[in-house]
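Reading through the structure tokens given below for one structure.
All values reported here derive from a predicted model rather than from experimental measurement. Any value given below was found using the heavy atoms of this structure, including those in side chains, with hydrogens, waters and symmetry copies removed. Counting convention: from 1, in listed order, for ligands and their atoms alike.
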Amino acid sequence: MKRILSLTTVLALCGSLLYAQNTVDLNVQLDRSTGKISPHMWGVFFEDINLGADGGIYAELVKNRSFEFNHPMMGWKRLGDVPEGAFLFVNDSRRKGNPRSLRIHKPVDFKAGLQNEGFRGMGVRKGEGYEFSLLYRQASPGMRIKVELLNEQEAVIGTTVLPLSEGKNWQTGTVSFTSSETSAKGKLNIWIEGAGDVEVDMLSLFPKETWKNRPKGLRKDMVQILADMEPDFIRFPGGCIVEGRDLANRFQWKKTVGPIEERELIINRWNTEFNHRLTPDYFQTFGLGFYEYFLLAEDLGAEAVPILNCGMACQFNTAEVVPLDELDEYIQDALDLIEFANGSTNTQWGKLRAEMGHPEPFNLKMLGVGNENWGPQYIERLAIFQKVLQEKHPEIQIIASSGTDPQGERFEFLDEKLREMKIDIIDEHYYRPPAWFLSGADRYDDYDRNGPKIFAGEYASHTTRPQGPGRSTWEAALSEAAFLTGLERNGDVVTMASYAPLFGHVDGWQWSPDLIWVDNLNVYGTPSYHVQKLYSLNKGTDIVPVKLGGQNVIGQDSIYASAVYDAHAKELIVKLVNYNNRSVDVSLQLDTKKKIKGDATKITLANADLNVANSIEEPLMIQPKTEQVRYKGKVLKDTFSPYSFTVIKVPIQ
Ligand code: AHR
């Protein structure tokens, strides 16, 4: 990608240095829109990394509930004086997706139970209801389950008893109780009382209060913080977990739908990816599967953007590929997914969607083929997908990967090929230092307007400053804010953008920084979250040029700016980054025949210290400050704080 600054830009940059102490004069050309902002511009990228799904947004509190982790006792501890042979793991291959269960043999009553440690403990709240459930079968009556919720000190903070019925078939048992205390690191004891024989499986504990109070649903606070961003789309399920470390470990959506107890879990590929952050107990149980992802997208009012494996495993790991003449299964997965999302209830997969509770189609419009794949082997596989998808589903837009980097040989090769193939949307990824983001605010200014659209599918500014786990600094966020002015200015060609990764659990992360951090009870947005949210909530409909001496504002005087007009709200929205360690006076001259209707709203994120970050203890160190401002006439004169990102919303008649 060429990165040559024009002579006029260089002159503007030099000139602006001389001009540094004075007012910066910007022209906002409200009547000269250069294009429409994409309706799905700002979204979220969801991956089960950093305990994002299991141990995170999926509200299940029991780890290894089905004993299907590599070691059936991972996460569990025996309780009581269990004699040899009393606990037996049965592996019954006839039980689809979930062959293991625990058989308990108690010819006489003795103390026997299990303790589950949760995902770095269990987060429970005083006064809230919890639902324990299990699958079980016992041929003759006599046994019951006693559950005890414990706090960190192992004191009982909630308990109840569930009598078990007799029967040859597996049945579900459910019981509720209330927690008398809040604990971030709770545990669960399950006592098997009475004498007899029983088999148990899917031992589960959920809060009753979930997002939309769906049983066995999602963590309310974690979905709420996403909803607050009003994302236009949600990309799922990743990320590298789409590819898998090898093909056997790839994400297969069909194994994530249907009855939860039949969804076959796999090792989460992030569990041993990084030696410094080993997470051997990280599995994907798929309680949050493709149906739930579609539902989440619908709840958020966001487009569902699934990404599927293209017949290649992660090229940083095994780099396995499926032979071209065996690609059919992968392509069929894509066709069936479209049927699952959009097909009539008379079709095989549409029927399953209806049985799961959603007869109406999900209205899927876009589909990603491959994540961070590269090389000719990707292109040849993608071409086969493209041919079939275009023939059978011309209504679906295809998203294709331009690899791991935003420049360099791999990128150049893919970018050229994808353009030749006339792929609908190219997915670009960039994890780069702040300086890259600052100097790249003009990245898309010269992109071909007639070629594929761009999805900035994964981006994050990574500071090199020493920092503790999970710190995502104001420096990173402000450099992103500067870069995003370039995305907004080019919103006709860059039609989607999402920060990555989305969630990080403070006790279970593998990758940092992340947009949102959680522990078992709390959630907070990083400065980057607030930046992305300000863009998303102030998206507008039409791109409005902002000029400094006739040039785009891409860092002259360390100022970055973009603007949009919102035809619904009838507002001009200007975004301005002051990347100086001093206040800067800026005058925004509105070039327009339209009239200004009243006071403007000014929203500022600012901190003179670039090293500041939010945290569980201080979640709002960086947060937006809103004020009403009365500007005189059509020249908005204002002073912008050191290291600040400001959104100004001006009502227009
Ligand atoms: O966001 C974390 C990882 O970064 C994603 O899984 C992958 O696509 C990229 O390399």
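The shortest N/O to N/O separation between Cys240 and ligand 1 falls below 3.5 Å.
For the side-chain contact (heavy atoms from CB on, under 4.5 Å) with Phe283, the qualifying choice from Leu265, Asp48, Ile266 is Leu265, the only one to do so. Test Phe286, Tyr293, Trp349, Tyr330 against Trp253 for ring-ring contact (aromatic ring centres under 6.0 Å, His included) and you get one pass: Trp349.
In this structure, Arg443 forms a cation-pi arrangement with Phe411, its terminal cationic atom sitting closer than 6.0 Å to the ring centre and no more than 45° off the ring axis. Note that Arg277 lies in the cation-pi zone of Trp509, set by a 6.0 Å cut-off to the ring centre and a 45° limit from the axis.
Close approach to Glu458 involves these atoms of ligand 1, each under 4.0 Å from a residue heavy atom: 1 (O), 3 (C), 4 (O), 5 (C), 7 (C), 8 (O), 9 (C). Against a heavy-atom cut-off of under 4.0 Å, Trp511 is close to the following atoms of ligand 1: 2 (C), 3 (C), 4 (O). The atoms of ligand 1 that sit less than 4.0 Å from any heavy atom of Glu372 are 7 (C), 8 (O), 9 (C), 10 (O). Near Trp270, meaning under 4.0 Å from any of its heavy atoms, are these atoms of ligand 1: 6 (O).
Legend: salt bridge (Lys or Arg N to Asp or Glu O under 4.0 Å) pairs involving residues 496-506, not counting sequence neighbours: none detected. Within the structure, the salt bridge (Lys or Arg N to Asp or Glu O under 4.0 Å) test picks out no pair touching residues 312-322 (sequence neighbours left out).
For atom 1 (O) of ligand 1, the closest non-hydrogen atom on the protein side is Tyr431 OH, 2.7 Å. Ranking protein heavy atoms by distance to atom 6 (O) of ligand 1, first place goes to Glu47 OE1, 2.6 Å.
Note on ring orientation: taking the six-membered ring where Trp is involved, the planes of Tyr430 and Tyr459 are tilted (angle from 30° to 60°).
Looking at Asn371 against ligand 1, only its side chain comes within 4.0 Å, counting heavy atoms.
Using a 4.0 Å heavy-atom cutoff, Pro501 is listed among the residues neighbouring ligand 1.
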